[in-house]
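Sequence lines set the chain letters: A, B, ... in the order given, protein chains first and strands last, and positions in each chain run from 1.
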Amino acid sequence: MVSDSYARIYAAVRRIPVGRVATYGQIARVAGRVGARQVGYALHRLRDESVPWHRVINARGEISLGGEAGDVQRAMLEGEGVELDARGRVDLERYRWRGGA
DNA sequence: ATGTTGACCGACT
DNA sequence: GAGTCGGCCAACA
């Protein structure tokens, strides 16, 4: 059984619609009483495929992973219709999920 | 129990 | 835009 905080984080991530993205801080607020850092840590430890972790990016609209994982995440986002610029950055004003609050 | 570390954020220079 | 700093809190050695 995962901790309560993690459960809330995962639940929040699952609410992100396809083709949309959310920031760590945003998830942290929706989950409630969780630090943004905890969200990143929770997703790192995550291995559950029912959670769309790839739709979670940092406040700058960039993918926070390096190496292959980052490449994979970018590919999955593009596959859902999210556009990324040359720097691998997402236009938050346009793709940011506006639910949850 | 203590000290580091980390898929972060916001404010400041 | 780029670099620094403090705050956040759980996992790990």
Side-chain angles (χ1 to χ4, degrees):
Chain A
M1 176 59 186
V2 289
S3 77
D4 207 50
S5 300
Y6 276 23
R8 279 199 294 261
I9 291 170
Y10 298 148
V13 174
R14 271 190 272 253
R15 283 184 202 117
I16 307 171
V18 175
R20 281 282 154 107
V21 298
T23 66
Y24 293 96
Q26 191 180 354
I27 294 299
R29 283 210 307 266
V30 174
R33 294 180 199 158
V34 219
R37 229 171 164 170
Q38 247 13 70
V39 177
Y41 207 79
L43 294 184
H44 183 156
R45 288 290 314 176
L46 179 63
R47 280 186 198 78
D48 188 336
E49 311 201 347
S50 67
V51 179
W53 57 271
H54 57 276
R55 295 186 198 141
V56 184
I57 57 184
N58 66 27
R60 293 174 178 172
E62 301 179 309
I63 289 173
S64 289
L65 291 91
E68 307 171 40
D71 238 21
V72 173
Q73 179 169 9
R74 174 171 181 159
M76 286 199 275
L77 286 175
E78 291 182 319
E80 291 186 347
V82 177
E83 295 178 54
L84 296 128
D85 64 18
R87 286 174 182 161
R89 210 159 94 183
V90 175
D91 182 348
L92 287 177
E93 289 302 302
R94 184 172 161 183
Y95 292 104
R96 189 161 171 252
W97 172 47
R98 312 212 161 176

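If you walk DNA chain C from 5' to 3' and mark each nucleotide with an atom closer than 4.0 Å to a heavy atom of chain A, the marks span dG1(C) to dC12(C).
Shown here are the side-chain hydrogen bond (donor to acceptor under 3.5 Å, both in side chains) partners of Glu78(A), two or more places apart in sequence or in another chain: Arg74(A). Annotation: side chain to side chain contact (heavy atoms under 4.5 Å, CB included) contacts of Ala22(A) (sequence neighbours excluded): Ile16(A), Gln26(A), Ile27(A), Trp97(A). Partners of Arg94(A) by side-chain hydrogen bond (donor to acceptor under 3.5 Å, both in side chains), not counting sequence neighbours, listed by chain and number: Glu83(A). For Gln73(A), the side chain to side chain contact (heavy atoms under 4.5 Å, CB included) partners at least two apart in sequence or on another chain are Trp53(A), His54(A), Ile57(A), Ile63(A), Leu65(A), Leu77(A). For Glu68(A), the side chain to side chain contact (heavy atoms under 4.5 Å, CB included) test picks out no residue, with sequence neighbours left out. Every residue was checked against the salt bridge (Lys or Arg N to Asp or Glu O under 4.0 Å) condition with Arg45(A), not counting sequence neighbours, and none meets it. Taking Ser64(A) as the reference, Asn58(A) meet the side-chain hydrogen bond (donor to acceptor under 3.5 Å, both in side chains) condition, with sequence neighbours excluded.
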Below 3.5 Å is the cut-off: list the nitrogen or oxygen pairs between protein and nucleotides 2-9 of chain B, distance only.
residue : atom : partner  : partner atom : Å
dG6(B)  : N9   : Arg37(A) : NH2          : 3.1
dG6(B)  : N7   : Arg37(A) : NH2          : 2.6
dG6(B)  : O6   : Arg37(A) : NH1          : 3.3
dA7(B)  : OP1  : His44(A) : ND1          : 3.0
dA7(B)  : N7   : His44(A) : N            : 3.1
dA7(B)  : N6   : Leu43(A) : O            : 2.9
dA7(B)  : N3   : Tyr24(A) : OH           : 2.9
dC8(B)  : OP1  : Ser64(A) : OG           : 3.0
dC8(B)  : N4   : Arg37(A) : NH1          : 3.0
dC9(B)  : OP1  : Ala59(A) : N            : 2.9
dC9(B)  : OP2  : Ala59(A) : N            : 3.1

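Applying the under-4.5 Å side-chain rule to Ile, Leu, Val, Met, Phe, Trp and Tyr, the cluster around Val18(A) consists of that residue alone.
Separation of atoms CE (Met76(A)) and CG (Asp71(A)) is listed at 11.0 Å; rounding is to 0.5 Å.
Contacts between residues 77-96 of chain A and DNA chain B, defined by a heavy-atom separation below 4.0 Å, involve no residue at all.
Residue pairs meeting the salt bridge (charged side-chain N to carboxylate O under 4.0 Å, His left out) criterion with at least one member in residues 13-40 of chain A, sequence neighbours excluded, do not occur.
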